[in-house]
A.B. asks: 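Have a look at the structure that comes next, please.
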Amino acid sequence: MLDSWKAVRVLLLSAGAVALANADTIMFTNGDKLVGHFVRSTSTTVTFKSDALGDLTVDWSKVKELETSFKVAVIRKGVKIRRKEAPSDIPQGTLAVQDQKLQVTPAPGAPPQSIPVADSAVVLDQAAFQKAITRRPGFLSDWTGAITAGATLVQATQTNRTFTGAVSLVRTEPAENWLDPSYRTSFAFSESYGLLTQPGTPSIKTSIFHAAGEQDKYFTPVLFAFGQADFDHNYSQGLDLQQTYNGGVGWTVISTSAQELDLKGAMSYIRQQFAAGSNQSQPTSMNLIGATFGEHYHRKLPRGVGLDESLSATPAFNNTHAYSAAFTTLLTMPVYKHLSGSTGVIDTFLNDPPLGFKKNSFQFTLGLTYSLQ
């Protein structure tokens, strides 16, 4: 019996020794030391996973020493990599950090390569680096976005039901921000429906929806061509359906971990179908040739707050009165994990609605948003 307990103890001690040998260590400037696993780092921060404390992200200035048991890959600032094209000068090996310098040792006994922490764009696991270079993602992978929903219910002399919802999905390939972008696919849908009823009076209906799809193809990290299709219905403006098909070029003016700004210009074909207005001589449908100019801005604010804003204007060449514009903005504030509170504005302008309908349609929304990561 004693021999069995001794054998078990030896096995446990051996397993603990192996786990410790495969663990990474980080020492802070205040003398605290943690054992766990290095996740990744940038030029300013390092993310380290501790079994006791979970994922920790700290500034490099608070780190005195760091050692990894596995190999990493260091991508310097200014180095852009295309999928299947890993440069031979990417430092790869085990990592030791001292005096704000990365020491990368490719093999035991080989001289280390020294890189200042401030010169590194990202440091990640070598296996993850190789996988990102060679992977072939399927169409259903790497989607991000958000689903938003809101409702208003009133039950009295008047009965009012209002529902709002939106879905926004984006897929950028490669998904890793240290690889040059190749293409981007996006889908967006928003709906606002309301019905107000009261005995003895006509019902009042609100029905507005917008659907859009876009495919971008990057030629450089900042220049891309795109094709886009938009579909709009607005009962409040007498618009049965507006179809817009765009083809043009875009320019990513700003692209950082905190914000991104895209500018776009395109040639457009627009088909508008209207409800009959009070002037029966007014056409109920038009085919337009024009252009679309727009911008989209995304910003990550402190405490997990996110801002998305877009603006577009569409003049028509063959009918200068039939121009339109749209503005949207959405502010999300985290509530719990993937769930956020959201508030937004949707404003659309149509210069040629049927008689009896206003040109401008303004919506203010409040709801809950679920983020897809």
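The shown structure was predicted, so the numbers you read here are calculated from the model rather than taken from an experiment.
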A.B. asks: State, with a plain yes or no, whether a side-chain heavy atom of Leu196 is found less than 4.5 Å away from one of Thr159.
C.D. replies: no

A.B. asks: Does a side-chain N-to-carboxylate-O contact under 4.0 Å join Lys217 and Glu173?
C.D. replies: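 Salt bridge between Lys217 and Glu173, a charged N being under 4.0 Å from a carboxylate O: no.
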
A.B. asks: Any side-chain to backbone donor/acceptor pair from Asp99 onto Lys101? Under 3.5 Å, distance only.
C.D. replies: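 Absent.
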
A.B. asks: So, Asn287 versus Tyr269: side-chain donor-acceptor pair below 3.5 Å or not?
C.D. replies: yes

A.B. asks: Backbone N or O of Gln130 within a donor-acceptor pair of the Thr134 side chain at under 3.5 Å?
C.D. replies: yes

A.B. asks: Any sub-3.5 Å donor-acceptor pair from Ser141's side-chain atoms to Gly138's backbone N or O?
C.D. replies: yes

A.B. asks: May I ask you to test the Phe349-Tyr323 pair for a side-chain heavy-atom distance under 4.5 Å?
C.D. replies: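 Result yes, sub-4.5 Å side-chain heavy-atom pair found.
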
A.B. asks: State, to 0.1 Å, how close Ala118 and Ser43 come at their nearest heavy-atom pair, and which atoms those are.
C.D. replies: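 For Ala118 and Ser43, the tightest heavy-atom pair comes out as O-CB, 3.7 Å.
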
A.B. asks: With under 30° as parallel and over 60° as perpendicular, where do the rings of His233 and Tyr235 fit, or are they tilted in between?
C.D. replies: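 Because their plane-to-plane angle lies in the 30° to 60° range, the rings of His233 and Tyr235 count as tilted.
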
A.B. asks: Any side-chain heavy-atom pair from His37 and Phe48 closer than 4.5 angstrom?
C.D. replies: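 With C-beta onward as the side chain, the pair stays apart.
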
A.B. asks: Please find the pair of heavy atoms, one from Ser236 and one from Phe357, that lie closest to each other, and give the distance.
C.D. replies: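 For Ser236 versus Phe357, the nearest heavy atoms are O-CD2, 3.4 Å.
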
A.B. asks: Tell me whether Thr252 contacts the main-chain N or O of Ser255 through its side chain, where contact means a donor paired with an acceptor under 3.5 Å.
C.D. replies: no

A.B. asks: What are the two closest non-hydrogen atoms of Thr328 and Ser310, and how far apart are they?
C.D. replies: OG1-OG, 2.7 Å

A.B. asks: Provide the full list of side-chain hydrogen bond (donor to acceptor under 3.5 Å, both in side chains) pairs with a residue in residues 104-129, sequence neighbours left out, each pair given once.
C.D. replies: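 For residues 104-129, and leaving out neighbouring residues, the side-chain hydrogen bond (donor to acceptor under 3.5 Å, both in side chains) pairs sorted by first residue read Gln92-Gln126, Gln103-Ser114.
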
A.B. asks: Crowded around Glu260 CD? As in, over 12 foreign heavy atoms under 6.0 Å?
C.D. replies: yes

A.B. asks: Do the side chains of Thr185 and Trp143 get nearer than 4.5 Å, heavy atoms only?
C.D. replies: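 Sidechains of Thr185 and Trp143: in contact.
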
A.B. asks: Can you confirm whether Leu102 sits close enough to Trp60 that some side-chain heavy atom of one is under 4.5 Å from a side-chain heavy atom of the other?
C.D. replies: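 Leu102 vs Trp60: side chains touch.
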
A.B. asks: Hydrophobic side-chain clustering at under 4.5 Å (ILVMFWY, transitive links): who's grouped with Leu223? Put none if nobody.
C.D. replies: none

A.B. asks: Which heavy atom of Ala291 sits nearest to which heavy atom of Ser268, and what is that distance?
C.D. replies: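 Heavy-atom minimum between the residues: C-OG, 3.6 Å.
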
A.B. asks: Give a yes-or-no answer on whether the side chains of Thr292 and Asn246 include a donor-acceptor pair shorter than 3.5 Å.
C.D. replies: yes

A.B. asks: Any side-chain heavy-atom pair from Phe38 and Val46 closer than 4.5 angstrom?
C.D. replies: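 Yes, their side chains come closer than 4.5 Å.
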
A.B. asks: With a 3.5 Å cut-off and sequence neighbours excluded, list the donor-acceptor pairs that the side chains of residues 199-208 form with protein atoms.
C.D. replies:
from, atom 1, to, atom 2, distance (Å)
Thr201, OG1, Gln198, O, 2.9

A.B. asks: List the atom pairs, donor and acceptor, that lie under 3.5 Å between side-chain atoms in residues 330-343 and the rest of the protein, sequence neighbours left out.
C.D. replies:
from, atom 1, to, atom 2, distance (Å)
His338, ND1, Ser371, O, 3.3
Ser342, OG, Gly367, O, 3.3
Ser342, OG, Thr369, OG1, 3.0
Thr343, OG1, Thr365, O, 3.4

A.B. asks: Would you say Gln237 and Ser361 are linked by a side-chain donor-acceptor pair, where the criterion is simply a distance under 3.5 Å?
C.D. replies: no

A.B. asks: Using links of under 4.5 Å between side-chain heavy atoms of ILVMFWY residues, direct or through other members, which residues join Ile346 in one cluster?
C.D. replies: none

A.B. asks: One thing to verify: whether Glu214 and Lys264 come together as a salt bridge, which I'm taking to mean a side-chain N less than 4.0 angstrom from a carboxylate O.
C.D. replies: yes

A.B. asks: Which heavy atom in Asp232 sits nearest to a heavy atom in Leu239, and how many Å separate them?
C.D. replies: O-CD2, 4.0 Å

A.B. asks: If you measure from the Lys or Arg side-chain nitrogens to the Asp or Glu carboxylate oxygens, is any gap between Lys64 and Asp32 under 4.0 Å?
C.D. replies: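 Salt bridge between Lys64 and Asp32, a charged N being under 4.0 Å from a carboxylate O: no.
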
A.B. asks: Looking at every heavy atom in both Phe163 and Leu153, which two are closest together, and how far apart are they?
C.D. replies: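 Here Phe163 and Leu153 meet closest at CZ-CD2, 4.1 Å.
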
A.B. asks: Please give the remaining members of the hydrophobic cluster of Phe224, linking ILVMFWY side chains under 4.5 Å, ordered by chain and number.
C.D. replies: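 Members besides Phe224, by chain and number: Tyr218, Phe226.
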
A.B. asks: Kindly say whether Thr244 contributes a backbone atom to a donor-acceptor pair with the side chain of Arg271 at under 3.5 angstrom?
C.D. replies: no

A.B. asks: If we ignore hydrogens and angles and just use 3.5 Å, is the side chain of Asp308 paired with the main-chain N or O of His298 as donor and acceptor?
C.D. replies: no

A.B. asks: Given the rule in the salt bridge (Lys or Arg N to Asp or Glu O under 4.0 Å) test, do Asp55 and Arg40 qualify, once you have shown the distances and angles that lead to the verdict?
C.D. replies: CA-CA 11 Å; Asp55 286 349; Arg40 70 164 48 201; over 6 Å; no

A.B. asks: Do Phe70 and Asp24 have side chains that get closer than 4.5 Å, going by heavy atoms?
C.D. replies: yes

A.B. asks: Any side-chain to backbone donor/acceptor pair from Gln242 onto Phe231? Under 3.5 Å, distance only.
C.D. replies: no

A.B. asks: Scan side-chain atoms only and decide if Glu191 and Tyr193 contain a donor-acceptor pair under the 3.5 Å cut-off.
C.D. replies: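 No donor-acceptor contact under 3.5 Å links the two side chains.
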
A.B. asks: Same hydrophobic cluster for Val72 and Val39, using side-chain heavy-atom links shorter than 4.5 Å among ILVMFWY?
C.D. replies: no

A.B. asks: Are the side chains of Leu95 and Leu66 in contact, using a 4.5 Å heavy-atom criterion?
C.D. replies: yes

